[in-house]
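Encoded as structure tokens, the structure appears first; notes follow it.
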Amino acid sequence: MKKNKETKFIFITGGVTSSLGKGIVGASLGVILKSKGLKVTLQKFDPYLNVDPGTMNPYQHGEVFVTEDGCETDLDLGHYERFIDENLSRINNITSGMIYSEVLAKERRGDYLGNTVQIIPHVTNEIKNHIVAARNQNDFDVIITEIGGTIGDIESLPFLEAIRQFQFENKENCIHIHLTLVPYLNSSGEFKTKPTQHSVKELRAIGIQTDVIVCRSSKIFPQEIKQKIALFCDVKTDDVIMCPDAKSIYEVPIYLKNEAIDTVVLQKLGLSQSNSNLVEWENYINIIYQKNKPEVNIGLVGKYTALSDSYLSVTEALKHAAAANKCDCKITWINSETLHQSDGSKKLEECDSILIPGGFGDRGIAGKLIAAQYARETNIPYLGLCLGMHIAAIEFARNILNLEDAHSTEFNPNCNDPIIDFLPNQKQLSEKGGTMRLGAYPCVIEQNSKLFSIYKQKEISERHRHRYEFNNAYKALFEDNGIKFSGNSPDGKLVEVIELTNHPWFIACQFHPEFKSRPYKAHPLFFDFIKQTLELTSS
Ligand code: GLN
């Protein structure tokens, strides 16, 4: 087994503006290094004070991604998993909130033996411990750590100081990559390097000299720009990597490889150069860029429709499934809060199928019920994810079983027919953070079901993030009227999947299959949903 000390560390910082895509660049580099046979993992440090993003508004922060071990993480972890095709865990996403709560817990326990507790060394040591913890998870060849935020932010300073110290202590095994923006000014027709120069200077002021600079730009820039950046930022011209806007994020590994980022990184880390290919990625890109493919129009009914990042894994899973079916997938965003208005139902009519993703709180529930009813009655495919399963069950109870007051106790605790209710062990909980049923659980599939024909497996494992469950007291009534409980927990106590028996494709699951979809390994449930939609639209 390889000794830990040989693990190499790549730290990625960002400058000039936020949202340049550090996560995508890190993940793409991970793909290239993995394709060379290296064992790679990715880690993200988030500077905010929330302990995890689980309680954060998706409107502000985008989707909450859930790992196999049930950690609620930043959406970048989703990119990491989709790109490097490895499952990550709670060690891979660290926030300032986690670090400070650990430091304060130690202080309260008296672990610091009366010393004054300070950012340096106590907070920085705790951060370094998490880099070491990632290393100790497995004998990784390379760990890529992304520092959230932008150089110049006050809140990321402890992380930057920690990685500076870490490099000081592990000189031969660390490099820094700095991601910046090279804007193009239409008025003068020039690319500008000054923001990059300033950002690198700012980084130096805190003791970090970057080894590689990755430059985002709206289009390809000439070699002189690289030379200028190299001269002013103290790196070689080859160490300046251009990363122009791509039509698809899945093209970024190909862009970076064409810029020979792997040659530069391996040489700086003292690793031997080796060949690799990105055939799967190239094939995937060829399919998605292919013109004149058939198109399916999926109605995505949610309350955060203005910001698609709120449902990022769902939209990515749909794209992967469309590529696997060699078609394009148009997503029609339908705001569930306005669905009862006439133009809302017109939007439904444009759609070839309906997807209701996960969600919390009663805003927009009435609209989601209209959408589920529409899919059931018009026989168009319906995929319900978590809340989307609750909606399907409530709609069925009200309109088929005539239980007019059927509801989830999440939305009406005093309803007459609580067909969706609290998990039995959740009744006493008062804290909101990290207290749901989270992470991977097994699900046993009924052999005589659509679900089985899709997964072709008797037992599967999928990730969860919810508090409420189907109420088993109503199971028999549902079954007698055309609902099949095709997926259940192994002990039979929890419903995992329901499907309509007299409908071409109506499946709703308690879990979130979207978290396990990968670009060139579409998830079976999404694949079949798109396949069925495509068949129905072309028939
Ligand atoms: N709000 C529902 C629950 O807590 C569904 C959660 C979800 O869709 N992720 O059970």
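Atoms within each ligand, like the ligands themselves, are counted from 1 in listed order. Atom set for the values below is all heavy atoms of this structure, side chains included, hydrogens, waters and symmetry mates excluded.
Set against the non-hydrogen atoms of Arg467, the atoms of ligand 1 under 4.0 Å away are 3 (C), 4 (O), 10 (O). Residue His512 has at least one heavy-atom neighbour below 4.0 Å for each of these atoms of ligand 1: 9 (N). Atoms of ligand 1 lying under 4.0 Å from at least one heavy atom of Cys386, given by number and element, are 5 (C), 6 (C), 7 (C), 8 (O), 9 (N).
Within 6.0 Å of CD on Glu404 lie no more than 12 heavy atoms contributed by other residues, nucleotides or ligands. Enclosure of atom NZ in Lys106 by more than 12 non-hydrogen atoms of other residues, nucleotides or ligands within 6.0 angstrom is indicated.
Salt bridge annotation for Lys44-Asp46: present, with a cationic side-chain nitrogen under 4.0 angstrom from a carboxylate oxygen. Taking 4.0 Å as the cut-off between side-chain N and carboxylate O, Glu316 and Lys516 do not count as a salt-bridged pair.
When heavy-atom distances to ligand 1 are checked against a 4.0 Å cut-off, His390 comes that close only through its side chain, counted from C-beta outward. By the criterion of a heavy-atom distance under 4.0 Å, the backbone of Arg465, and not its side chain, is placed next to ligand 1.
Proximity annotation for atom 2 (C) of ligand 1: of Glu469, His464, Glu410, Arg437, Glu410 comes nearest, heavy atoms only. The option from Gly358, Gly359, Ser408, Gly388 that lies nearest to atom 6 (C) of ligand 1, judged by heavy atoms, is Gly359.
Taking distance alone, with nitrogen or oxygen atoms compared against 3.5 Å, Leu387 approaches ligand 1 more closely than that limit.
Between Tyr520 and Trp281, the distance separating the two ring centers is shorter than 6.0 angstrom.
Between His466 and His464, the ring planes lie tilted relative to each other; the angle falls in the 30° to 60° range.
The protein heavy-atom contact nearest to atom 10 (O) of ligand 1 is Tyr468 N, 2.8 Å.
Side-chain contact between Tyr382 and Ile391 is present, with heavy atoms from C-beta onward closer than 4.5 Å.
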